[in-house]
Amino acid sequence: MADPKAFLNIPRRTCARRPVEERIGDWNEVYDGQSLLPIINAQAGRCMDCGIPFCHSSCPLGNLIPEWNMLVSRDDWDEASQRLHATNNFPEFTGRLCPAPCESGCVLAINADPVTIKNIEMAIADHAWEHDLVQPLPPQRLSGRTVAVIGSGPAGLAAAQQLTRAGHTVVVYERDDRVGGLLRYGIPEFKMEKHHLDRRIAQMRAEGTKFRTEVAVGADVDAAELKERHDAVLVAVGATEWRELPVPGRDLAGIHQAMEYLPLANRVREGDFAEPPITAEGKHVVIVGGGDTGADCLGTVLRQRAASVVQLDINPRPSDYRSDDEPWPTYPRVHRVSPAHEEGHVLAQQRGETDTGGLPLPQTEADVRVFSASTLRFEGDDAGRVRALHLADTEPGERRPIAGTERLIPAQLVLLALGFTGPERDSGIIEQLGLRLTSRGRLARDDVFGTDVPGVFVAGDAGRGQSLIVWAIAEGRAAAAAIDHYLTGRTELPMPVRATDLPLTA
């Protein structure tokens with residue numbers, strides 16, 4: 001510990017967000033990263049170097065958090081980068097996108113503000129890139145074995161990098177025109193600018209990983225034939241089978257799934273379109289779903305200059321504080337305000353609005369969410385386009401609409417952000433490889449990511465279900481170790497998690 005009393009004398013300070021008026025005028029990341037640099041050493045010094053660092057067990061990657069905190073507090077950025085990359089292939093991704101369960105497990109969080117682990121992680125990663133500390137690590141020799149990785153999301157990329165560095169020839173197959181999966185087309189630019197992804201892909205190419213884009217395995221290439229051409233196959237296609245909202249009027253024009261909408265905004269940023277085919281500009285927008293995907297839609301809608309926006313969450317509003325039945329060090333269900341929710345509230349206040357799209361805006365909230373709201377049906381105009389949404393309050397603790405609470409709000413664009421159930425069942429991969437689905441719609445696998453088919457493995461959301469980016473990377477690393485062992489009879493690659501491991505919950 002650089003200063004044994006730092007956690008007592010130094011308050012928590014996080015990376016500042018750019019002013020709302022500035023950031024909604026562009027698509028750059030919302031955080032002012034430069035404001036963090038003068039204070040990052042002091043924040044790292046708040047780490048208590050606990051005898052039992054619960055932040056380790058709260059993060060599936062097992063990041064060496066106290067070690068790189070200590071190194072940053074001493075201004076040893078080079079060694080801090082090595083410690084960080086020892087357990088995490090893509091810390092600049094997790095430092096921006098992960099909700100930081102490690103901070104909930106920080107011992108300081110028992111009765112004080114935790115260490116700003118996420119911000120420190122991002123600062124180390126960015127510093128490493130800026131000072132050319134991140135270099136390709138090609139293998140010293142090749143094994144002569146080949147591996148096909150289906151899907152280029154975080155799980156697939158992490159596995160591919162580990163296997164390439166172990167000496168195997170790895171080919172990543174991606175059905176889209178660019179590598180990255182949901183990192184490329186699902187995560188908005190204002191949450192992670194895509195140059196972070198591009199330079200990691202360049203590093204992987206320099207190490208020897210091969211990429212085949214615009215190849216839909218199961219359609220363009222038979223998955224069984226792919227298996228015959230490679231010594232092992234990793235299925236890392238994610239959980240992209242979205243949940244539907246089966247209510248009257250769902251077939252009206254203007255109602256879209258979030259993952260039909262978000263990729264188009266990202267493609268504008270990539271230069272594929274001058275304007276998005278689906279836009280919120282000048283429209284009353286309703287987002288159905290209160291999770292992270294809904295927040296991504298909200299931030300995108302605001303940048304497209306919607307006339308108004310409401311986000312509906314069928315769940316009740318969480319408490320501001322950790323409840324007794326969610327003890328430390330679990331990740332608590334508390335009320336959180338994302339940058340997008342902050343933007344929605346500030347803009348509504350600046351416009352002098354007392355309502356959003358005809359629905360009273362709760363002035364006590366720092367966002368535009370409406371909790372305990374159930375969508376009953378949609379109403380259309382003469383042209384068959386959605387014009388309004390009928391909703392009602394729900395019973396506390398349940399999801400049944402309360403009689404007499406029905407009301408109507410205008411809706412010219414409705415975005416469904418209701419989560420995902422598992423891999424797409426009609427892609428052809430499941431049948432062609434002979435894989436099984438679990439009762440929850442996920443790809444069945446054993447404790448070490450293997451399927452019933454020898455040489456075929458599953459990693460990431462395709463097997464776990466919709467989860468966090470840290471779990472995807474951890475599973476990719478672990479599956480790489482399992483594949484390396486399958487191919488060679490031994491492995492020195494780390495296996496941070498098992499397929500049956502679960503997040504730390506009460």
Sequence neighbours excluded, which residues qualify as ring pair (Phe, Tyr, Trp, His ring centres under 6.0 Å) partners of Phe457?
Tyr486

For the pair Arg23 and Glu342, evaluate salt bridge (charged side-chain N to carboxylate O under 4.0 Å, His left out) and give the outcome as yes or no after the intermediate values.
CA-CA 12 Å; Arg23 68 189 196 232; Glu342 177 190 36; 2.5 Å; yes

Can a salt bridge be assigned to the pair Glu67 and Arg83 using a cut-off of 4.0 Å between side-chain N and carboxylate O?
yes

Any donor-acceptor N/O pair, Arg18 side chain to Glu29 backbone, under 3.5 Å:
yes

Heavy atoms, side chains only, cut-off 4.5 Å: are Val115 and Leu108 in contact?
yes

Starting at CG of Leu443, measure out to CG of Asp461 and round the result to the nearest 0.5 Å.
11.0 Å

When you look at CD of Glu260, are more than 12 heavy atoms from neighbouring residues, nucleotides or ligands closer to it than 6.0 Å?
yes

With side chains defined as the heavy atoms from C-beta onward, is the minimum distance between Leu182 and Met259 less than 4.5 Å?
yes

Between Asn119 (side chain) and Cys15 (backbone), is there a donor-acceptor pair under 3.5 Å?
yes

In Å, rounded to the nearest 0.5 Å, how long is the span from CZ of Arg17 to CG of Asp32?
12.5 Å

Can the positive tip of Arg336 be found less than 6.0 Å from the middle of the six-membered ring of Tyr331, inside 45° of the ring normal?
yes

Residue among Asp177, Asp176, Asp272, Asp198 satisfying salt bridge (charged side-chain N to carboxylate O under 4.0 Å, His left out) with Arg184:
Asp198

Glu79 (side chain) donor-acceptor with Leu71 (main chain) under 3.5 angstrom
no

Has the side chain of Gln43 got a donor or acceptor atom that lies under 3.5 Å from a matching backbone atom of Pro11?
yes

Does the ring centre of His341 sit less than 6.0 Å away from the ring centre of His345?
no

Before you tell me yes or no, could you show the steps for Glu103 and Lys118 under side-chain contact (heavy atoms from CB on, under 4.5 Å), namely the whole-Å CA-CA distance, both residues' side-chain angles and the distance that decides it to 0.1 Å?
CA-CA 8 Å; Glu103 294 188 13; Lys118 178 177 174 176; 3.4 Å; yes

Run Ile255 and Leu416 through side-chain contact (heavy atoms from CB on, under 4.5 Å) and show every step you take.
CA-CA 8 Å; Ile255 303 174; Leu416 305 180; 4.2 Å; yes

Does atom CG of Asp313 have more than 12 heavy-atom neighbours from other groups under 6.0 Å away?
yes

Scan side-chain atoms only and decide if Arg477 and Asn89 contain a donor-acceptor pair under the 3.5 Å cut-off.
yes

Could you tell me whether Asp484 and Arg165 make a salt bridge, using a distance below 4.0 angstrom between a side-chain N and a carboxylate O?
no

Please report the C-alpha distance between Ile124 and Val72 in whole Å, then the side-chain angles of each, then the deciding distance to 0.1 Å, and finally whether the side-chain contact (heavy atoms from CB on, under 4.5 Å) criterion is met.
CA-CA 8 Å; Ile124 296 171; Val72 168; 3.6 Å; yes

Which pair of non-hydrogen atoms, one from Ala159 and one from Leu234, has the smallest distance, and what is that distance?
CB-CD2, 3.3 Å

If every non-hydrogen atom of His284 is compared with every non-hydrogen atom of Ser308, which pair is closest and at what distance?
ND1-OG, 2.6 Å

Just to verify, what does His256 make a ring pair (Phe, Tyr, Trp, His ring centres under 6.0 Å) with, not counting sequence neighbours?
none

Knowing that exactly one of Pro329, Ser58, Pro332 qualifies, which makes a side chain to side chain contact (heavy atoms under 4.5 Å, CB included) with Ser104?
Pro332

To the nearest 0.5 Å, how far apart are CD1 in Ile483 and CD in Gln162?
11.0 Å

Gln203 and Gln161, any side-chain heavy atoms less than 4.5 Å apart:
yes

Verify, without hydrogens or angle tests, whether Ser81 (side chain) and Trp77 (backbone) share a donor-acceptor contact under 3.5 angstrom.
no

Can you tell me how the ring of Trp27 sits relative to the ring of Phe190, calling it parallel under 30°, perpendicular over 60° and tilted otherwise?
tilted

Considering non-hydrogen atoms only, spot the tightest contact between Ala44 and Ser73 and give its length.
CB-N, 3.9 Å

Given 3.5 Å as the limit, does a donor-acceptor pair link the side chain of Glu241 with the main chain of Gly422, or not?
no

Please determine whether side chain to side chain donor-acceptor pair (under 3.5 Å) holds for the pair Glu214 and Tyr173, giving the CA-CA distance in whole Å, both sets of side-chain angles, and the decisive distance to 0.1 Å.
CA-CA 8 Å; Glu214 296 185 282; Tyr173 293 86; over 6 Å; no

Greater than 12 external heavy atoms within 6.0 Å of Arg178's CZ
yes

Evaluate the criterion side-chain contact (heavy atoms from CB on, under 4.5 Å) for residue pair Leu413 and Val386; output intermediate values, then yes/no.
CA-CA 7 Å; Leu413 174 65; Val386 65; over 6 Å; no

Backbone of Leu298 reached by a side-chain donor or acceptor of Gln311 within 3.5 Å
no

Taking CZ in Arg269 as the centre, count heavy atoms belonging to other residues, nucleotides or ligands within less than 6.0 Å. Is the count above 12?
yes

Say whether Thr164 and Thr209, considering side chains only, have a donor N or O and an acceptor N or O under 3.5 Å apart.
yes

Smallest separation among heavy atoms of Gly181 and Ser152, with atom names
N-OG, 3.4 Å

Arg317 versus Arg369: any side-chain heavy-atom pair under 4.5 Å?
no

Euclidean distance, Met48 CE relative to Asn69 CG, rounded to 0.5 Å
11.5 Å

Should we count NZ of Lys194 as having more than 12 external heavy atoms under 6.0 Å?
yes

Pairwise side-chain contact, Val171 with Val147, heavy-atom cut-off 4.5 Å (strictly under)
no

Over all heavy atoms of both residues, which pair between Cys55 and Ile117 is shortest? Give the atoms and the distance, please.
CB-CD1, 4.2 Å

Under 3.5 Å: donor-acceptor pair, side chain of Gln135, backbone of Asp132
yes

Measure the spacing between NE2 of His56 and CD1 of Ile65 and express it to the nearest 0.5 Å.
5.5 Å

Check this for me: does any side-chain nitrogen of one of Arg445 and Glu475 sit under 4.0 Å from a carboxylate oxygen of the other?
yes

If we only count heavy atoms from C-beta on, is the Val237 to Ser427 side-chain gap below 4.5 Å?
no

Starting at CH2 of Trp68, measure out to CG of Asn88 and round the result to the nearest 0.5 Å.
9.0 Å

What one should report as the nearest heavy-atom pair of Gly186 and Leu262 is O-CD1, 3.8 Å

Over 12 non-hydrogen atoms of neighbours within 6.0 angstrom of CZ in Arg425:
no

Please name all residues satisfying side-chain contact (heavy atoms from CB on, under 4.5 Å) with Ala474, sequence neighbours left out, ordered by chain then number.
Pro60, Leu61, Pro496, Val497

Does the Arg464 side chain pair with the main chain of Asp501, one donor and one acceptor, at a distance under 3.5 Å?
yes

Less than 3.5 Å apart, any donor N or O on the side chain of Thr94 or Glu121 sitting next to an acceptor on the other?
yes

Output field: ring centroids His335/Phe371 closer than 6.0 Å:
yes

With no hydrogens and no angle check, is any side-chain donor or acceptor of His230 less than 3.5 Å from a backbone partner on Leu226?
yes

